[in-house]
Amino acid sequence: MIRDYLSKCVAEAIAKAQQAGELPDFPIPTITLEHPRQPEMGDYATSIAMQLARIAKMPPPKIAEIIAKRLREVSLVSLVSVVSDTTDTPDTSDTTDTIDTTPSAFTVEVVSGFINFRLTPAYLSRQVDVILEQGERWGNINLGKGRKAQVEHGSANPTGYATIGTGRNVVVGDTLANTLEAAGYQVHREWYINDAGSQVRVFGASVYARYAQALGMDEPLPERGYQGEDVQEVARIIAEREGDKYLHMPKDEAVRALGRLGIEEVMTNIKRTLARLNIRYDNFFSEKSLWTSGLGYEMIERLRAKGLVIEHDGALWFSEDGSPIRSGQGQRRTDEEYAADKDESGQALPVQAVLIRSPKVISDPEERPTYFASDIPYMWHKVMLRGFNPAIYVWGEDHQADVPRLYAAARAIGLPDGAIRILIYRFITLLRSGQEVRMGKRKGNALLIDDVVDEIGADAFRYIMLSRSVDTKFTFDLDVLKEQNEKNPVYYVQYGHARICSIERKAAEEGWDQGSGVGGQGSEAISSPLTPHPSTLTSVELALIRKLLQLPEVVELVATTLQPHHYTTYAREVTQAFSKFYEECRIKGSPPDVAHARMKLARATRLTLAKTLKLMGMNAPERM
RNA sequence: GCCCCUAUAGCUCAAUGGAUAGAGCGCCGGCCUCCGGAGCCGUAGAUCGCAGUUCGAAUCUGCGUAGGGGCACCA
């Protein structure tokens, strides 16, 4: 990336200036480059001179001048390795600040303490060919250097079909997985099946009741059972397939067996739903297996050996610093009771211990102790046994309280720092007819992903789920979305892609672009240079190229911040830049060399849009 | 009581501590003899409040205000 290259150049320039005694000795900080808001300030800028003013005891403009001067030597030496050969004359202006960095990829300018870099038209025009050469690899970076990363997402309780609540989880998780792949990681996608615990037992009993009902028996749904139609459907499917054999065995055994079968059926349905959203997994990990394999008990012993396990009333607790639990802890309390939770001096007591195992919550030794207890062997399994680093968790905000516990447990069992990374996303609010849709899986009134995808389509669904920062709780109005179907920004981007495809088809049919290979597989196009001299490129064309070149930066941004909404912003910006190009720069009817160059730019745009859409898990249609 | 998240234009949302805070929708006004008008151009319109840190704050800190979530022997 040119940005990283510039950053390195600045660091080298500072080092050289220090060697020459022009700047005092100090450790060189990380040089960050930004895109100035004002295009007249160039393509990249660094405020490093301002940051160094204090430590160097010099005024920022002076520091900037020194760096800029040394930058010339640095870039003269190493630009050749980054930029392919060129004989283009650099774009120089007459200001005394401007430094000619022949062979020039950029010019440097010092403005009130900022060091501004401007990519030259020559460099920009060459990049179109670079994009075309990279093809589908365009946008990929090597942040991961082949390391193994995991994204665990979805992971809803297998007690019903996939609801809209899970929708944001899977779309964000899948997009992050796509991103890490593009960023050079070996990515593993996993769904964690909570197939142990009391909800699963309730689910099994619910399936049993519905199964018996489907076979004409008068079996009531258990107290607090799952009332949804999905459970009825699952029970019906099982009854049709398996007959009534589960009515002829002890009920306990039947409930257990039907629970297992029910989970299988539910997961089959969920997988089908996810396939509609273009989401696949490498593995579905069973929570229960952590306990049947014995790993869970090993972990508890590991913690116990460190003195971090406390026994109290026959239950086991994890306490990060070994401090004892207090009376009342582990019970649901009111606001007032929390407020009253103070020590002798009136200081509020932190909640320190987390329940691992209790005879009250579980009587069956084959089942897992508590939800939190499973998390400990699970992260060990991810990081230490399977070597994922980072292991990323995509969790809804209802799990936020577990975040510090999980990190504490990770430290306690000795996972490397930063090996697990937890992303918390906010829940969305749904409106239908102006009313908030309240959702509960157990009550069966949850809106299913399938229903919404039926209404608005998979691409729009993914786009909406990705369009906001995961920290933002947003409102998803189904009626508006349906009404404004064609105004959804997703169609703007896809339309842009389809329009470029159309141009390419037409160009091939009508022969506007002789010899460029447009419409064919185009290997000649790659080898043929962008004929017009860079100075003939219009500002609109240059702006489009600049925007295209940001794709690797956006991939890096998403990979490091785990915030996939940046893609939607970027996709719109690229489309917008292309639309302006399309309005102002005619291809058909232009002189052959200009038409040729513009066709290449259009195709580079298509590659960029297609890649961005692919990263978002969306289709890039050739026709709409 | 404590913890986490949020507060930006009429609405929904952007903005790696930088220079003049951007889009979409909505409003108002323009643009096709021409490669796809699901488009383009233009007008109007905003950082919740008060302090602080910094050369520089929507962004960081503190105190408020408002909303959401959590602090279960539920998952």
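Order of the sequence lines sets the chain letters (A, B, ...), proteins ahead of strands, with each chain counted from 1. We use all heavy atoms of the structure for the numbers below, so side chains are in, but hydrogens, waters and symmetry mates are not.
- Sorted by first and then second residue, the pairs that involve residues 556-582 of chain A and meet salt bridge (charged side-chain N to carboxylate O under 4.0 Å, His left out), not counting sequence neighbours, are A:R3-A:E556, A:K547-A:E573.
- Taking 3.5 Å as the limit, the base of B:G69 and the side chain of A:Q400 contain a donor-acceptor pair of atoms between them.
- For A:E622, the salt bridge (Lys or Arg N to Asp or Glu O under 4.0 Å) criterion is met by no residue, not counting sequence neighbours.
- No aromatic stack links A:F427 and the base of B:G69, using centre distance under 5.5 Å and interplanar angle under 30°.
- Between B:A58 and B:G36, the two P atoms lie 45 Å apart (nearest whole Å).
- With a cut-off of 3.5 Å on both pairing distances, the Watson-Crick and G-U wobble pairs of RNA chain B assemble into stems of 3 or more at B:1-7 with B:65-71, B:10-13 with B:22-25, B:28-31 with B:39-42, B:48-52 with B:60-64.
- Contact annotation for A:R426: base contact, defined as any heavy-atom pair under 4.0 Å involving a base atom.
- A:Y44 pairs by the side chain to side chain donor-acceptor pair (under 3.5 Å) definition with A:E553, not counting sequence neighbours.
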Between protein and nucleic acid, restricted to nucleotides 6-12 of chain B and to nitrogen or oxygen atoms under 3.5 Å apart, what atom pairs and distances do you find?
residue, atom, partner, partner atom, Å
B:U12, O2', A:R468, NH2, 2.1

Query raised in the report: Could you walk me through whether A:N619 and A:Q494 pass the side chain to side chain donor-acceptor pair (under 3.5 Å) check?
Result: CA-CA 8 Å; A:N619 292 300; A:Q494 291 184 321; over 6 Å; no
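- For A:P36, the side-chain contact (heavy atoms from CB on, under 4.5 Å) partners at least two apart in sequence or on another chain are A:M41, A:A45.
- Among the atoms of the strands shown, base atoms are found under 4.0 Å from some heavy atom of A:L33.
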Could I get a table of every N or O pair under 3.5 Å where one atom is in the protein and the other is in nucleotides 40-43 of chain B?
residue, atom, partner, partner atom, Å
B:C40, OP1, A:Y492, OH, 2.5
B:C41, OP1, A:K580, NZ, 3.0

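- When heavy atoms are screened at a 4.0 angstrom cut-off, A:A602 is found touching no nucleic acid atom at all.
- When each of A:A315 and A:E397 is assigned the nucleotide of RNA chain B bearing its nearest heavy atom, the one mapping closer to the 5' terminus is A:E397.
- In terms of polar N and O atoms assigned as donor or acceptor, the side chain of A:D375 never comes within less than 3.5 Å of the base of B:A75 in a complementary pairing.
- Taking 4.0 angstrom as the limit, A:H35 places none of its side-chain polar atoms (N or O) nearer than this to OP1 or OP2 of B:A15.
- Summary of the strand contacts: A:T569 and A:S47 both lie near RNA chain B, and taking for each the nucleotide with the nearest heavy atom, the more 5' one is attributed to A:T569.
- Taking the ring pair (Phe, Tyr, Trp, His ring centres under 6.0 Å) definition, one finds that A:W395 meets it with A:Y393, A:H399, sequence neighbours left out.
- A cation-pi arrangement is not found for A:R168 relative to A:Y425, the charged atom failing to lie both closer than 6.0 Å to the ring centre and inside a 45° cone about the ring normal.
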Requested in this report: Apply side chain to side chain donor-acceptor pair (under 3.5 Å) to the pair A:Y226 and A:Q199, showing each step before the final yes or no.
Outcome: CA-CA 10 Å; A:Y226 285 86; A:Q199 286 308 306; 2.8 Å; yes
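- Here A:H565 lies in heavy-atom contact (under 4.0 Å) with sugar-phosphate atoms only.
- Partners of A:A595 according to the side-chain contact (heavy atoms from CB on, under 4.5 Å) rule, which considers only residues two or more places apart in sequence or in another chain, are A:I587, A:S590.
- Annotation: B:A44 and B:U6 have their P atoms spaced 32 Å apart (nearest Å).
- Applying the salt bridge (Lys or Arg N to Asp or Glu O under 4.0 Å) rule to A:R606 yields the partners A:E504; only residues at least two apart in sequence or on another chain are considered.
- Under the rule for a ring pair (Phe, Tyr, Trp, His ring centres under 6.0 Å), A:F114 has no partner lying at least two apart in sequence or in another chain.
- Side-chain N/O atoms of A:Y425 include none lying less than 4.0 angstrom from OP1 or OP2 on B:C5.
- Remark: A:E311 engages A:R304 in a salt bridge (Lys or Arg N to Asp or Glu O under 4.0 Å) (not counting sequence neighbours).
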